Structures are given as structure tokens and as C-alpha cells.
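Treat the numbers as computed from the prediction; the structure is a model and nothing was measured. Every heavy atom of this structure was used, including side-chain atoms; hydrogens, water molecules and symmetry mates were not.
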Number of protein chains: 2
Amino acid sequence: MRKDGKSGFTARGEATRLRIIEAAAEIVYAEGAAGMSLDEVMDASRTSKSQLYHYFCDKDALIQEVIGRQTRRIVEANAPHLDKLDSFDALRSWCNMIIEANRTFGAIGGCPLGSLASELSAQSEQARAGLANGFEAWRSIIAEGLARMKNQDKLMPSADTQALSMAFVAAIQGGILLSKTSRNSQPLEVALNMALSHIERYVVAPAER
Amino acid sequence: MRKDGKSGFTARGEATRLRIIEAAAEIVYAEGAAGMSLDEVMDASRTSKSQLYHYFCDKDALIQEVIGRQTRRIVEANAPHLDKLDSFDALRSWCNMIIEANRTFGAIGGCPLGSLASELSAQSEQARAGLANGFEAWRSIIAEGLARMKNQDKLMPSADTQALSMAFVAAIQGGILLSKTSRNSQPLEVALNMALSHIERYVVAPAER
DNA sequence: CACGAATTGGACTGTTCAGTCCATTTTTGG
DNA sequence: CCAAAAATGGACTGAACAGTCCAATTCGTG
């Protein structure tokens, strides 16, 4: 047995494992965790039952991996924007990216993390904890971006970056949910405008700095 | 056959029908629509299979009734507060009611409408439409309350009550989702504070009126 | 190359579930 | 009180599904 990293799987095995998670993530996004059948995953990932149970101890374990993958994807998609947050305009353009992304991919399925959180938080403590970590990771990079703005004197010292970032995630989630339900991007736009205004109160006017 | 109202069922039949909807609503709230089995509904409502199919053409039709029931309950719970909205403080105390209600009943299950919307909007066009109506009914009574405040010169004429009410529902939904996932009421509180501040900008100061 | 480990194929099982069907009981209106 | 309609009981069916199991194949390494 060759040890590649610490996974205990060979390169081929690891590739299969990833293919399964990828396929499962898509199906979960489209049909929910309860709606995903292992047969569908087998078809979509070109694997067999024994492979599924070779790499994951049961369906719940696979769902848990899907949660991790979706968290990583969201953080990866947002970090580039948040890492160079240096003005209120930059914040606004990040919001526009979210609106655009929702229009393009999420108009029907919504936020992959939000949908899973809604479905699983009350059903599985393990899933709930994983999803809470996911939201926290997301909120955290937003908070860091805001903190950076504060350090650059773009935001007032009184701005509570922890609370502001949390409110932002809430606005995103609520907006996406209403947009998905009404099939209209307006609720998300309205919610993000609220979140932006909320932060705008703490923006330091150019003259002041 | 006696015609009671327009339902086509006798009083006993109508009572059975309601008992089924009530039981289904509780189970759906606890386990989701996909997680609800008809056998559970039968047990909880003390009915048989044939009764379920006598009153509802299939499971989807029953779920649709559950959506209607939950909408009505939310509107009924909020209307008393929103009908006498006459100050920013009244708005604030309505928010406190929401936080309290969430702590008491919804800490685990979240918002019955929000959870269903998240689960079903992408799966069933009929359910999505029903849920969109539900959110719209809720938003609408909030908008009416804000409009009343505007008529009483408590809010500036420039306040867009339609957009403000929509943002409020988004904040509620996002806050409830994060609170349910993190098992902490703080996200909901933070989100509602944001929504309140957002409206506070349009409050007419006592001196001005 | 050979041997053990990793990987894969796929049949099989037991359960759960939505939906069907027919028989029985209860109620209603004349 | 009696026929017709409404309401109910509950067995049954077929499909979907998670999970098990054993055999076959491929791969890595000495």
C-alpha cells in the first residue's frame, strides 16, 4: 500500500473518492440530501456500490463530505473579492458578484450551504455542526475583509465587524431563499442593499481621513 | 349528502381532514416534507390509509395544504402586532416577539415556511408558488403596517414600504436559518437589528412632526 | 514477476413507502 | 326506518432504497 499524503488511498482511489463527492454534491444540490439516492451517485460518478462503501462508511458520511466541499467552494469563490476589500465600492461590487452568481447558478437551487442547513440542521447533529462551521468560515472571511477596511481607516473604529459580517450572511441567506422561492432576483438585491446601507453608516467620509 | 359550506364533506369528514393536516404539519415541521411518511401521519392523526386518500388525492396535495396552514398561522401570529404598528418602539417590540418565538419554538426547526421553501421550491412548481404566496402574504401585512406608520407621519414619505418589508422578511429568514444552524439566537438578533436600523433611517424625529 | 493490498463489479436482502382496492360501518335525508 | 352516500379499516402491491457480501480484477512493491 502506497501512502499518498495521509488518506490511505492510492492516487486512483483518491480520484474515485473525489469523483463520488463531486457527483453527490451536484445531486444533493439539485434534489436535497434526502432526495439523493446512492444509485444516482453511482451512475453520475461511474462507480459501483462497493466503491461507495469502500470510500464512505455510509450515506451520512458522504453527505458530510459534500458539506465540506460546498464550504470550500464558497470560501474559494468569495475570498478573492474579500481579500482585497479596500473601499465601500469594493464591497458593493462583491455584492454585485453575489447577485450575478445567484442569477446564473442559484436562481433555482439557491445557496448550497443554506439549503443543506435548512434540511439537515434539525436532523443530524453532525451535519448541523459541519454546516455551522461552513457558515462561520464564510462569515469569518467577510469579517476579516471588514477588519482590514477598519485598519485602513475606511471604516470607523466603532464598526463591529463580527456583528456586521454576521448580519451580512443573514441578508445573503434570506435574500437567496426569497429569490429562489419567488423566482425573482429582487429580494436578494433588496436584502443586500440593506446590508450595504447598514455598513455604510460606518464608512469614514473621505474628508475625515 | 349534506353540504356544509362548500367543502363537500360532512362535519365529521371536515374534522378528520383538519386533523390530518394538523398532524402532517407537525411531522413536516419536524422531519421535512420528504421525511414525512403517510404511516406517521396515520398514527398521529388516528386515521387509516383510505382516509388519507379520501381527503387528499396524494401526498403532494397534503403538503400543499400544510403550506396553506403554516402561512395562515404565521399571518395570524403576526397580524395582531402589525395591525397596531404606530411607532418605532412597536416595531422593535414586534421583533422581540419574533426572537422570543424563535427561542421557544423555532430554535431547532426554524421557520416552518422557510424550511419548506428551501426544501420544495426547486422540486415542485406548485409548492413553490404556494410558498411564494405565503411569503408575499407575510411581507404584505408588514408593508401595510409600515404604510400605516407613514400615513401617521411616523415614517418619512421617502420610505419605500414595499422594499423595506421585503428586506425585513429576508432578515428574518436569514437570521432564523443561521440561528437554527448555530443553535444560538444571536444571528437572528443581529439580523433583526440590522433590519430595524434600516427602517430607523426613515423615522421622523418627534421634533419634525 | 509474484504476492499482498487496494480497488472494483454487481447480485442480493430486508425495509420502507406511496398508492390501490374492496369490504365494512356510520351517517344522512326522505 | 330505509336506501344512498359518506366515512373508515386494513390488507396488499410494486417500486425504491440503503446497506451487505463475496468474488474478480488491478496495482504497487520487493
- prompt: Which is it for A:Leu52 and A:Lys59 under the side-chain contact (heavy atoms from CB on, under 4.5 Å) test, yes or no, and what are the steps along the way?
  reply: CA-CA 9 Å; A:Leu52 256 51; A:Lys59 184 180 169 179; over 6 Å; no
Does the side chain of [X] get closer than 4.0 angstrom to OP1 or OP2 of [N] through an N or O atom?
| X | N | answer |
| --- | --- | --- |
| B:Thr16 | D:dA7 | no |
| A:Gln51 | C:dT7 | no |
| A:Arg12 | C:dT8 | yes |
| B:Ser50 | D:dA7 | no |
| B:Thr10 | D:dA7 | yes |

How long is the line joining [atom1] of [X] and [atom2] of [N], in whole Å?
| X | N | atom1 | atom2 | result |
| --- | --- | --- | --- | --- |
| A:Met42 | D:dA16 | CE | P | 14 Å |
| B:His54 | D:dA5 | NE2 | P | 13 Å |
| B:Glu14 | C:dT28 | CD | C1' | 17 Å |
| A:Leu52 | C:dT7 | CG | P | 14 Å |
| B:Arg19 | D:dT8 | CZ | C1' | 11 Å |
| B:Phe9 | C:dT28 | CZ | P | 15 Å |
| A:Asp43 | D:dC17 | CG | P | 11 Å |

task: May I ask you to say what B:Tyr55 touches in the nucleic acid, namely base, sugar-phosphate or nothing, with a heavy-atom cut-off under 4.0 Å?
output: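 The answer is sugar-phosphate, as B:Tyr55 gets under 4.0 Å only of primed atoms, P, OP1 or OP2.
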Could you go over nucleotides 16-19 of chain C and give all protein N or O partners under 3.5 Å, atom names and distances?
| unit_1 | atom_1 | unit_2 | atom_2 | d |
| --- | --- | --- | --- | --- |
| C:dA18 | OP1 | B:Met36 | O | 3.2 |
| C:dA18 | OP1 | B:Lys59 | NZ | 3.1 |
| C:dA18 | OP2 | B:Leu38 | N | 2.8 |
| C:dA18 | N7 | B:Lys49 | NZ | 3.4 |
| C:dG19 | OP2 | B:Tyr53 | OH | 2.9 |
| C:dG19 | OP2 | B:Lys59 | N | 3.1 |
| C:dG19 | O5' | B:Tyr53 | OH | 3.3 |
| C:dG19 | N7 | B:Lys49 | NZ | 2.8 |
| C:dG19 | O6 | B:Lys49 | NZ | 2.8 |

- prompt: Quick check, are the ring centers of B:Trp94 and B:Phe168 under 6.0 angstrom apart?
  reply: yes
- prompt: Just checking, any donor-acceptor pair under 3.5 angstrom between side chains of B:Glu189 and B:Ser185?
  reply: yes
message: Under a plain distance cut-off of 3.5 Å, with no hydrogens placed, do B:Arg139 and B:Gln162 share a side-chain donor-acceptor pair?
response: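 Per modelled atom types, B:Gln162 and B:Arg139 side chains form a pair under 3.5 Å.
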query: Would A:Glu22 and A:Arg17 satisfy salt bridge (charged side-chain N to carboxylate O under 4.0 Å, His left out), going step by step from the backbone distance to the final call?
result: CA-CA 9 Å; A:Glu22 204 71 13; A:Arg17 205 183 94 97; over 6 Å; no
query: What do the steps show when you test A:Arg73 against A:Glu76 for salt bridge (charged side-chain N to carboxylate O under 4.0 Å, His left out), and what is the final call?
result: CA-CA 5 Å; A:Arg73 271 178 78 109; A:Glu76 281 167 19; over 6 Å; no
- prompt: Does CD in B:Glu26 sit with more than 12 non-hydrogen atoms of other residues, nucleotides or ligands closer than 6.0 Å?
  reply: no
